[in-house]
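We count residues from 1, following the sequence as given.
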Amino acid sequence: MEKFYIRLADKVVAISANYATTKQFCRDYLLDELPSKVDIEVNVTQEAMEFEREEAKKTGMFSDRYLETLALHRQVAEQMTKYHTVLFHGSAIAVDGEVYLFTAPSGTGKSTHTRLWRERFGDRAFMVNDDKPFLHLEEDGSITVYGAPWDGKHHLSRNVGLPLKGICILEQASENQIKKLAQKESFQTIYLQTYRTTQDADVMKHTLEVLSGIMGYPIWHLGCTISQEAVSLSYEAMSGKKMEE
């Protein structure tokens, strides 16, 4: 096994992995020097690999190297909860230093919509994470969004932490329309998109505490086409600013 260290969601994670490709997978998060303190320790055991292999059979067969990244993903996500940090399924884009988070079931078009944002805003925008960002509940109740190596098929992420501005539940539609949701309208979707790896009581307690913080933010529903009109509509609603032409 090879041991290496990464900084993820402002925590130092020590990882013991079987494959050099796992270290390469985490390359943007590697620490150059040995840390004085470790917050999370992960050892990808054979038992963990076999668990991932059984889970993967539901969707297909994968290489051991890929399964190791899944095992790492599961263990890190579970241990992060004790620091009030959860993994969330969504595409997180930063514009002018604030994060706009789009969530929906896989295949809905989150990545396509945030690509249109990057085309529109140019250097003002970049992807924090295109699939599974970490959301951290700060002591003042605010949420910070962090990048992570698990960043979708296009591998778009950055090792940063930035404040959340708002969340948008995205749905394909023939016309563009957006509305602000009440908590009771959005809770189930937000809960289901929050990564839950176990029924452990402490993990669930901390996850629900972060979820409570998330629900304190404006949550929108966007029915959209693949268009710049949809970008203008969602940005103006979520930011409270007029789109600059």
Side-chain angles (χ1 to χ4, degrees), residues 7-11 29 76-77 80-105 108-111 113-118 120-121 124-152 156-171 178-196 206-222 224 230-231 233-241 243:
R7 182 172 295 279
L8 188 61
D10 206 30
K11 300 299 176 188
Y29 299 81
V76 169
M80 276 287 183
T81 60
K82 64 187 175 186
Y83 297 107
H84 287 96
T85 302
V86 301
L87 206 63
F88 190 84
H89 179 218
S91 186
I93 184 167
V95 176
D96 299 333
E98 296 179 303
V99 178
Y100 299 83
L101 180 56
F102 293 89
T103 189
T108 304
K110 302 182 297 295
S111 296
H113 187 69
T114 51
R115 173 179 57 79
L116 292 172
W117 275 54
R118 297 197 307 278
R120 183 65 171 271
F121 291 102
R124 292 170 58 192
F126 64 86
M127 295 304 301
V128 176
N129 187 281
D130 197 28
D131 189 34
K132 294 183 176 69
F134 278 104
L135 306 186
H136 172 66
L137 177 64
E138 304 286 354
E139 290 186 2
D140 65 359
S142 64
I143 298 290
T144 301
V145 183
Y146 288 93
W150 303 276
D151 52 10
L156 296 172
S157 66
R158 193 174 293 189
N159 190 4
V160 297
L162 292 170
L164 177 66
K165 180 65 175 178
I167 300 176
C168 190
I169 299 168
L170 188 144
E171 182 180 16
I178 191 168
K179 67 173 183 176
K180 192 174 181 180
L181 298 177
Q183 283 195 1
K184 63 181 180 180
E185 295 178 281
S186 58
F187 179 82
Q188 183 176 11
T189 298
I190 298 302
Y191 176 75
L192 292 175
Q193 299 296 77
T194 305
Y195 193 75
R196 302 170 313 285
H206 294 145
T207 299
L208 290 173
E209 287 170 350
V210 179
L211 184 62
S212 177
I214 294 171
M215 296 305 299
Y217 277 76
I219 298 176
W220 304 81
H221 177 271
L222 174 67
C224 66
V231 174
L233 185 66
S234 55
Y235 173 76
E236 289 186 355
M238 296 174 74
S239 69
K241 303 174 185 176
M243 179 72 76

Taking the six-membered ring of Y235 as reference, does the cationic atom of K241 (NZ for Lys, CZ for Arg) lie under 6.0 Å from its centre and within 45° of its axis?
no
Quick check against the 3.5 Å criterion: does H136 have a side-chain atom that pairs as donor or acceptor with the backbone of Y83?
yes
Closest non-hydrogen atom pair between Y217 and L164, with its separation:
CE2-O, 3.1 Å
Mind checking whether W117 and F121 have parallel, tilted or perpendicular rings, split at 30° and 60°?
tilted
For T189, check side-chain hydrogen bond (donor to acceptor under 3.5 Å, both in side chains) against everything at least two apart and list the hits.
none
Approximate separation, where rounding is to 0.5 Å, of T108 OG1 and H113 NE2
12.5 Å
With a 4.5 Å cut-off on side-chain heavy atoms, are V99 and K165 touching?
no
Do other residues, nucleotides or ligands put more than 12 heavy atoms under 6.0 Å from K82 NZ?
yes
Decide whether T81 and T207 meet the rule of one side-chain donor and one side-chain acceptor closer than 3.5 Å.
no
Evaluation steps, side chain to side chain contact (heavy atoms under 4.5 Å, CB included), between H89 and D131:
CA-CA 6 Å; H89 179 218; D131 189 34; 3.3 Å; yes
What pairs meet the side chain to side chain donor-acceptor pair (under 3.5 Å) rule with one or both residues in residues 141-151, with sequence neighbours excluded?
E138-T144, D140-S142, D151-H155, D151-S157
Flag side-chain contact, heavy atom, 4.5 Å: M243 against V231
yes
Just by distance, do the side chain of Q193 and the backbone of I190 share a donor-acceptor pair under 3.5 Å?
no
Beyond-backbone contact of I219 with F187, side-chain heavy atoms, under 4.5 angstrom
no
A side-chain contact here means heavy atoms from C-beta on lying under 4.5 Å apart; do T103 and L170 qualify?
no
How long is the straight-line distance from CZ of R120 back to OG1 of T114, given to the nearest 0.5 Å?
15.0 Å
Heavy atoms of Y29 and G147 approach each other most closely as OH-C, 3.3 Å
Between A92 and P133, the two heavy atoms sitting closest are CB-CG, 4.2 Å
Do the non-hydrogen side-chain atoms of P105 and L192 ever get within less than 4.5 Å of each other?
no
With a 4.5 Å limit on heavy-atom distance, are the side chains of M127 and R158 in contact?
no
Mind checking whether V145 and E98 have side chains closer than 4.5 Å, heavy atoms only?
no
Gap between atom CD of Q188 and atom CD1 of I169 - 0.5 Å precision
10.0 Å
Given side chains that start at C-beta, do those of L116 and R118 come closer than 4.5 Å, heavy atoms only?
no
Verify, without hydrogens or angle tests, whether Y100 (side chain) and M238 (backbone) share a donor-acceptor contact under 3.5 angstrom.
no
Atom pair CD (Q183) and OG (S212), whose distance is rounded to the nearest 0.5 Å
7.5 Å
For C168 and H221, the nearest pair of non-hydrogen atoms, with its separation, is SG-C, 4.4 Å
Could you tell me which non-hydrogen atom of N129 sits nearest to which non-hydrogen atom of A148, and how far apart they are?
ND2-O, 2.9 Å
Rounded to the nearest 0.5 Å, how far apart are CG of L137 and CD1 of I214?
8.5 Å
Locate the shortest heavy-atom distance separating V95 from A125; write the atom from each residue and the value.
CG2-CB, 3.9 Å
dist F134:CZ -> K132:NZ (nearest 0.5 Å) comes out at 10.5 Å
